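Order of the sequence lines fixes the chain letters, A, B, ..., with proteins taken first and strands second; residue numbering starts at 1 for each chain. Bear in mind the structure is a predicted one, so any value in this text is a computation, not a measurement.
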Protein chains: 2
Amino acid sequence: MAASEEELELLRRQLLGMKEETEKQGELVRALKGNKVSKKEIDEAVEVLMRLKLEVQAKEKELVAKAVGSDGGKSSSKETFRQLLNDTLSNRLFFIPAFKIYGGVAGLYDYGPPGCAVKANVLALWRQHYVLEEGMLEIDCPCVTPEVVLKASGHVDKFTDFMVKDEKTGMCYRADHLLKDYCNDSLEKDPLLTAEKRQELKGVLSTLDELNAQQLGAKIKEYKITAPDSKNPVSDPYPFNLMFSTSIGPAGNAPGYLRPETAQGIFVNFSKLYYYNGNKLPFAAAQIGQAFRNEIAPRQGLLRVREFTLAEIEHFVDPEDKSHPKFKDVADLQFLLYPRKEQLAMEKPVKTRIGDAVSQGIVNNQTLGYFIARTYLFITSLGIDKERLRFRQHLPNEMAHYASDCWDAEVECSYGWIEVTGLADRSAYDLKAHSEKSNVDLTAFEKYSEPKEVETLRITPHLKLLGPAFKKDADTVGKALLAMSEEEALGMKAKLDADGQAPLEICTTGKKFTIKKEQVSISKEMITETGRRFTPGVIEPSFGIGRIIYCMYEHCFYTRPSKSGDEQLSVFKFPPVVAPIKCTVFPLMQNEKLNDVAKEISIALTRAGVANKIDITGTSIGKRYARTDELGVPFAITVDFETEVSIDATLRERDSRAQVRVPLAKIASVVRDISDGHLAWETVLSTYPNVAPSHDD
Amino acid sequence: MAASEEELELLRRQLLGMKEETEKQGELVRALKGNKVSKKEIDEAVEVLMRLKLEVQAKEKELVAKAVGSDGGKSSSKETFRQLLNDTLSNRLFFIPAFKIYGGVAGLYDYGPPGCAVKANVLALWRQHYVLEEGMLEIDCPCVTPEVVLKASGHVDKFTDFMVKDEKTGMCYRADHLLKDYCNDSLEKDPLLTAEKRQELKGVLSTLDELNAQQLGAKIKEYKITAPDSKNPVSDPYPFNLMFSTSIGPAGNAPGYLRPETAQGIFVNFSKLYYYNGNKLPFAAAQIGQAFRNEIAPRQGLLRVREFTLAEIEHFVDPEDKSHPKFKDVADLQFLLYPRKEQLAMEKPVKTRIGDAVSQGIVNNQTLGYFIARTYLFITSLGIDKERLRFRQHLPNEMAHYASDCWDAEVECSYGWIEVTGLADRSAYDLKAHSEKSNVDLTAFEKYSEPKEVETLRITPHLKLLGPAFKKDADTVGKALLAMSEEEALGMKAKLDADGQAPLEICTTGKKFTIKKEQVSISKEMITETGRRFTPGVIEPSFGIGRIIYCMYEHCFYTRPSKSGDEQLSVFKFPPVVAPIKCTVFPLMQNEKLNDVAKEISIALTRAGVANKIDITGTSIGKRYARTDELGVPFAITVDFETEVSIDATLRERDSRAQVRVPLAKIASVVRDISDGHLAWETVLSTYPNVAPSHDD
């Protein structure tokens, strides 16, 4: 297995070198063409370029064959798969390293045309699935956030990673990454490790997230870990805040940050949204927008970036009633859950009915269970494989102290199991934190169906008498009296009734006072309560849109041999609703009449709101299909010479490559309906005459 | 007019005070309810609250009546209109000052639920109108941008406003705003001003944008202008860069900014996009995203903010051919143009056929004209009044030195004529700037239909001989030889042929050399050119989405008396495609059966992708219509007791208040089609039985 991996790595490097050479030759050809040199010189350069391209193709074939053949090499085939995928994504501009002409910036990417369309489609689907179907209140807040908000939320103090610096070059690294790489490398590459040592390193890996700065530093010293680029010694680890900071306004006295999540914008608006919802609970608010994290050293391509799109939901509930009226609609869904118990016992995730998980208390409550199930439906509707999607419960040490239960939706991809959505019951933590910091009431009020008579304690300090008696302490004494518990107050009442006076100790300062009977009234009274006031709990599903999209790319990508068998063709099997372009339109060959019909079909598709692309290049039909498959276009319409007679055209489906003849008058609306998901391809197949696939395809 | 405005101002202040009092009383009632006091105390507080609310209503009525009555007071009615509009926008959470519980931040706003939905609809329409219908390449780049990009674009050096500081408090102001306010105030409020002085102040106002720091400072000194808040003296004006700055990565050595526009992300990707487009021009790229400007002192509410959504198009063209194949489709459109000539002659905008404007050279070229026309169609489709939309050409001094022509789409609103979209022919400036800074080729290549034989000058410095002759200067001499113009080169050739040597002067240093005949060959040759290489020109339509939305709010807002005539009801006449909610569903009264039918209709609407709201409160039908009108909901379905018999329900249109009976089986698809714009309300009116409007409505 090791040998095979090395061989593949060698092939990959060779391929990379060859591609660079090809690119340089391409540049040369372009430069020559611009520079007005003789035709002969250009022709020679073009010939070299063609030869290089053929060599690259041959090497790619070899690599694919070897990678697929090396069955033991699961990890190597993963890397080959990832490289092929990323080549396709980057060649077709699904994404582009941002600001590349200036050398780029780590962790910043652009979505190119198809990537941008996929993202818009995923967000539209998210809006339909959550905002519209659940009647959520969507809002849209600024990215620039004043410090006070993120101070209250805890981000200013706690949103940090531990960093070490190369002591000579000043280069920065994440301390836990250095340690993790050291452990993994030793385990993989050092055959002389003792079983004991192996156990130790595995132990470090499994507790990596829990180590503090001192512990990380001690391990780095113990293992003599140095800076990977220079082999210089590194500093002790220290916390680095991951927020991008800025200054708001011209005076320089208003610090701010780029938001690290969108949730805070919802929390600070709680009262307005509660009012908008008719002062009724539960309700959910949602926000889609950019978030920013100034990662120390971004890795893993599109999975760990410095700017990303989040889609977050804050579902506000009565903490005493977390049932959900629509839970019954999803209770029978079954999918992979990975509860704490199974993780600790080193067992596998279990396919579980969500109704059972909630009734058995594995998932804390119906609302959390409902969102887990709805998230399962959303993620799988994007083309992510349900067998490689699991919901993993946080272990107690992973969870914030205030949270009651947390589950991560994780997708298995070439990087391992990756968190794409977090679902957390955050209790009342956030609203309480903001209410405290802002001194603004962020509570809800539940009106009883009819008023209740309840016995209640009433303490009335008589301020007119306290003032003269306690002077500057009068205010403190008054407040201390009001703050007494029911037991303390009744004890004091008993003492006052018996002795006419009673002692009072201010617990924060230890100061003691003597209270006289006339200075305070304490009584129990029956009062009418019309309802109860409380701080709502929050259940938060938070979606990393970029990560979801990347995992979808991995799960939708496959290769198939070309008809002639001499090439592997790449295909994205995106569900139509996600596909960046829904349909391509081709004339069978270059011909003015066919072109005109194709253009008319394209215009009709555009009017119907269907993203489409017309391809009137003279390239062979097989090549044009291959191009469109590589963009994940689910449908293709081909106009041929029969079209004029029969007034219909061929409609081809990407994955089955099956074809039908559909009348021109109907073709735009048929494609719209199958693209929207309102019509199944199977129905189309059984409605219209089938034709044999093109021999080119 | 002055008296009337003062009176209105007094009324407005009274109203504001009363509203504050009402709000406080509301808080008191809420606090009492939470605090378990006796029912009597609460009832008393509620009674006070009700009285206050009635007083506010009466005062509002008075204000509206006075404002409408004061016909001379055009500006006062504008302000009243704006106040009513903004009250509605803010009460219904179209927008919310951001981070309000912490006192807010000037220039930052949240879009609340209806505002957020309107924004999503406007963006979806923009995508359909531009990206889809014009086949544009949409991309999505980060907000965080490294300094080098914005250095190349000129923003680091030139994206500034002039600022002055209060010399004692340090408070910052925009220098031009202080001067503008002084001039306007003097002109409005000082009846003793001489005609000469009036003329002078008007002159200052009209040249405000052109004043530099010294000139602004001189005027501020001359007029003895002080800080508005404190009356302290202010500093001299100095430039303040409007970009939010930050630092990328942990090392602190990579300065960055939040992008002030989205365009740069497109320019730096030109080569990739050109390649994606099959190396063909013209093509357009588009981007929707957040942009940021750290305004010195934001004013004008939603019109001048520190973070906003831009939708920008960069249409790349061959600078020698700016024709547009689809121009003929829009050439007959007529709308208000305000060319330079009319502005300078103080004349009014002219309704012009865009075809004539281009053919007469008023608009520089077809492509620019095409985008102006398409923008006219887009903006008016949102419900903006075509009589209050004009395209104003930049005066020569407004335009960047490199631009060939610029037009702003301006909408008249209560703040005056506001720029909502800029349409500029920016020539090749941006691509050249980035190519120079990055040393990356950003050109296009046009292949000739057949190769051309052209005579060309060939200069070949013989480096082997230059080296020994000129030592360390050899490189400079070689480059200078290559840089000669055709005239210089042929002059040298003549001299070399005649004398065997010729002088060469390096123009940058003044150094002189003598070149010998054998050191350089100069000849004219015939070569074959396959095409030409050039830097594309860029035509840029740039849309301020927030400004467009605010202007749309103003143009769609109106009031009408309630049936009883004792109230003015607010209505937004949003076109259905823009409306935040398309349809409300009411049971006629509280009744379980009616509720069930209403819920089923709501579910069917949701499945059809129609944003809808169900209202099963027992409020009167008239009140419920009023609520929905105030959100601009175009359609309402009412379920009544006839529904069970006739299996249909009432469908009401917002502006006409006309009603029809539509079968339940069809109602969801009918509402979807009229909401999407695929079906006209008039067709619905003529298809289904009409009914008399509810007596409540």
Are the side chain of B:Glu133 and the backbone of A:Gly609 linked by a donor-acceptor contact shorter than 3.5 Å? no
Quick one: which of A:Arg306, A:Met163, A:Lys39 has the most heavy-atom pairs under 4.5 Å with chain B, could you say? A:Arg306
Look at B:Leu93, B:Val105, B:Leu108 and state which one has the largest set of heavy-atom pairs under 4.5 Å with chain A. B:Leu93
Tell me which donor-acceptor pairs under 3.5 Å the side chains of residues 137-149 of chain B have, and how far apart each pair is, sequence neighbours excluded?
| unit_1 | atom_1 | unit_2 | atom_2 | d |
| --- | --- | --- | --- | --- |
| B:Glu138 | OE1 | B:Arg127 | NE | 2.9 |
| B:Glu138 | OE2 | B:Arg127 | NE | 3.1 |
| B:Glu138 | OE2 | B:Arg127 | NH2 | 2.8 |
| B:Asp140 | OD2 | A:Lys119 | NZ | 2.5 |
| B:Thr145 | OG1 | B:Cys143 | O | 3.1 |
| B:Glu147 | OE2 | B:Tyr257 | OH | 3.2 |

Across all chains, not counting sequence neighbours, the salt bridge (Lys or Arg N to Asp or Glu O under 4.0 Å) partners of A:Asp166 are none
Does any backbone or side-chain atom of B:Val610 lie under 4.5 Å from a heavy atom of chain A? Answer side chain, backbone, both or neither. backbone
The interface call for B:Pro298 against chain A, heavy-atom contacts under 4.5 Å, is neither
Which region of A:Phe270, side chain (C-beta onward) or backbone (N, CA, C, O), has a non-hydrogen atom less than 4.5 Å from a non-hydrogen atom of chain B, or is it both or neither? neither
The interface call for A:Asp676 against chain B, heavy-atom contacts under 4.5 Å, is neither
Side chain / backbone / both / neither for B:Lys272 at chain A, heavy atoms under 4.5 Å: both
Heavy atom to heavy atom, less than 4.5 Å: which residues from residues 246-254 of chain B reach chain A? B:Thr246, B:Ser247, B:Ile248, B:Gly249, B:Pro250, B:Ala251
Interchain contact, B:Phe240 with chain A, by part (heavy-atom threshold 4.5 Å): side chain
State, yes or no, whether a side-chain contact exists between A:His434 and B:Tyr102 at a heavy-atom distance under 4.5 Å. yes
Please determine if B:Lys613 forms a cation-pi arrangement with A:Tyr276, meaning its NZ or CZ atom is less than 6.0 Å from the six-membered ring centre and no more than 45° off the ring axis. yes
Sequence neighbours left out, what passes salt bridge (Lys or Arg N to Asp or Glu O under 4.0 Å) with A:Lys40? Give chain and number order. A:Glu44
Return the option, out of B:Pro114, B:Ser435, B:Ala98, with the maximum number of heavy-atom pairs under 4.5 Å with chain A. B:Pro114
Got more than 12 heavy atoms from elsewhere within 6.0 Å of OH, B:Tyr238? yes
Need one label for B:Phe308: side chain, backbone, both or neither, based on atoms under 4.5 Å from any heavy atom in chain A. neither
Which of B:Ile603, B:Thr606, B:Ile101 touches chain A most, by non-hydrogen pairs under 4.5 Å: B:Ile101
Contacting moiety of B:Asn269, where chain A heavy atoms sit under 4.5 Å: side chain
Toward chain A, the part of B:Leu258 with a non-hydrogen atom under 4.5 Å: side chain
Pick one of side chain, backbone, both or neither for B:Leu123, based on which atoms fall under 4.5 Å of a heavy atom in chain A. neither
B:Arg607 side, atom CZ; A:Leu132 side, atom CG - distance, nearest 0.5 Å: 12.0 Å
